[in-house]
Amino acid sequence: MSKVGIIMGSDSDLPIMQQAIDILKSFDIETEVDIVSAHRTPEKLFDYAKNAHLRGLSVIIAGAGGAAHLPGMVASMSPLPVIGVPVKSRNSIDGWDSVLSILQMPGGVPVATVALDGAKNAGILAAQIIGSSDKCVLDKIILYKEGLKIKVNKAAEKLKNQL
């Protein structure tokens, strides 16, 4: 069974990162959640990144605000796909510092980056990565996307009836 690691630089990031935890839970994908600070616990970061694949993780979602070095540092040391979630924190400059820190990675160190505070999409992307080799998860993604389509069509019909 596949497992996704979800890490964040601080417990203040949990309200955002909870979205990834919840969506992965809805796809019956196990998560491992931890606080790993790139700047305050670098030794823990190195150990986490270097050994994540040995603990059975398939994908890592890393959320960080401010300078947001966590996703890139993890990606530099782990063979696993890393999805970065820029988090708008209280010390952030409208979140753009976090977005650019995660998005602007050098060649050879990719980090898939979602929107500011976009942990739900990070969870969906992690599930899609797992679904590329796990038919059970793929089927759940297909049903989820079909549900999105149904929801939009119902909203469109409701709008037409109101006008």
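Keep in mind the model is a prediction, meaning the values are calculated, not measured.
- Under the 4.5 Å side-chain criterion, counting only non-hydrogen atoms from C-beta, Thr113 is in contact with Pro86.
- Both Met17 and Val114 belong to a common hydrophobic cluster when Ile, Leu, Val, Met, Phe, Trp and Tyr are linked at side-chain heavy-atom distances under 4.5 angstrom.
- Linking ILVMFWY residues whenever their side-chain heavy atoms come closer than 4.5 Å, directly or via other members, leaves Val59 and Ile102 in distinct clusters.
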Under the side chain to side chain contact (heavy atoms under 4.5 Å, CB included) rule, what do Lys44 and Asp34 come out as? Steps first, then yes or no, please.
CA-CA 10 Å; Lys44 183 177 182 179; Asp34 203 352; 3.1 Å; yes
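- Shown here for Ala20 and Ala119, the closest heavy-atom pair between the two residues is CB-O, 3.3 Å.
- Exactly one of Ile35, Ile21, Ile6 qualifies for a side-chain contact (heavy atoms from CB on, under 4.5 Å) with Leu14. That residue is Ile21.
- The salt bridge (Lys or Arg N to Asp or Glu O under 4.0 Å) search around Asp47 returns none, not counting sequence neighbours.
- In this structure the side chain of Leu57 reaches within 4.5 angstrom of the side chain of Tyr48, judged on heavy atoms.
- Here OG of Ser58 is found 10.0 Å from CD of Glu30. Values are rounded to the nearest 0.5 Å.
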Please report the C-alpha distance between Lys120 and Ile124 in whole Å, then the side-chain angles of each, then the deciding distance to 0.1 Å, and finally whether the side chain to side chain contact (heavy atoms under 4.5 Å, CB included) criterion is met.
CA-CA 6 Å; Lys120 180 177 183 179; Ile124 294 167; 4.2 Å; yes
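- Linking ILVMFWY side-chain heavy atoms closer than 4.5 Å, directly or via other members, places Ile60 and Val4 in two distinct hydrophobic clusters.
- When all heavy atoms are compared, the tightest approach of Ala62 to Pro71 is O-CG, 3.3 Å.
- Tyr144 pairs by the ring-ring contact (aromatic ring centres under 6.0 Å, His included) definition with Phe27, not counting sequence neighbours.
- Of the residues listed (Leu24, Val82, Leu125, Val74), the one engaging Ile61 in a side-chain contact (heavy atoms from CB on, under 4.5 Å) is Leu24, and it is the only one.
- Note on Leu103: it does not cluster hydrophobically with Val109, by side-chain heavy-atom contacts below 4.5 Å among ILVMFWY residues.
- Put simply, the side chain of Ser98 never gets that close to the backbone of Lys88: no donor and acceptor are under 3.5 Å apart.
- Connection of Val85 to Met105 is not established within any shared hydrophobic cluster, with ILVMFWY side chains joined at heavy-atom distances below 4.5 Å, either directly or through further cluster members.
- Taken to the nearest 0.5 Å, the CZ atom of Arg55 stands 7.5 Å off from the NZ atom of Lys3.
- Here the side chain of Ser132 pairs a donor or acceptor atom with the backbone of Ile129 at under 3.5 angstrom.
- To the nearest 0.5 angstrom, Leu45 atom CG is 10.0 Å from Lys50 atom NZ.
- The structure places CG of Leu70 at 11.5 Å from OG of Ser101, a figure rounded to the nearest 0.5 Å.
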Walk me through it: do Leu163 and Leu159 pass the test side chain to side chain contact (heavy atoms under 4.5 Å, CB included)?
CA-CA 6 Å; Leu163 300 177; Leu159 177 66; 4.2 Å; yes
Going through the checks in order, is the side chain to side chain contact (heavy atoms under 4.5 Å, CB included) test met by Lys140 and Asp28?
CA-CA 9 Å; Lys140 291 173 185 175; Asp28 296 319; 2.8 Å; yes
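- Between the Thr31 side chain and the Val33 main chain, no donor and acceptor come within less than 3.5 Å of each other.
- A side-chain donor-acceptor contact under 3.5 Å links Arg40 to the backbone of Gly9.
- Of all non-hydrogen atoms in Ser89 and Gly66, the two that sit nearest each other are OG-N, 3.4 Å.
- Looking at residues two or more places apart in sequence or on another chain, you find no salt bridge (Lys or Arg N to Asp or Glu O under 4.0 Å) involving Lys154.
- A distance-only check finds a donor-acceptor pair linking the side chain of Asp134 to the backbone of Val137 [under 3.5 Å].
- Side-chain atoms of Asn153 and Glu157 form no donor-acceptor pair, as typed in the model, at a separation below 3.5 Å.
- Counting heavy atoms from C-beta outward, Ile142 and Leu138 have side chains that approach closer than 4.5 Å.
- Formation of a donor-acceptor pair under 3.5 Å by the Ser2 side chain with backbone atoms of Ile130 is not found in this model.
- Inter-residue side-chain proximity for Ile83 and Val111 is flagged as unmet; no heavy-atom pair is nearer than 4.5 Å.
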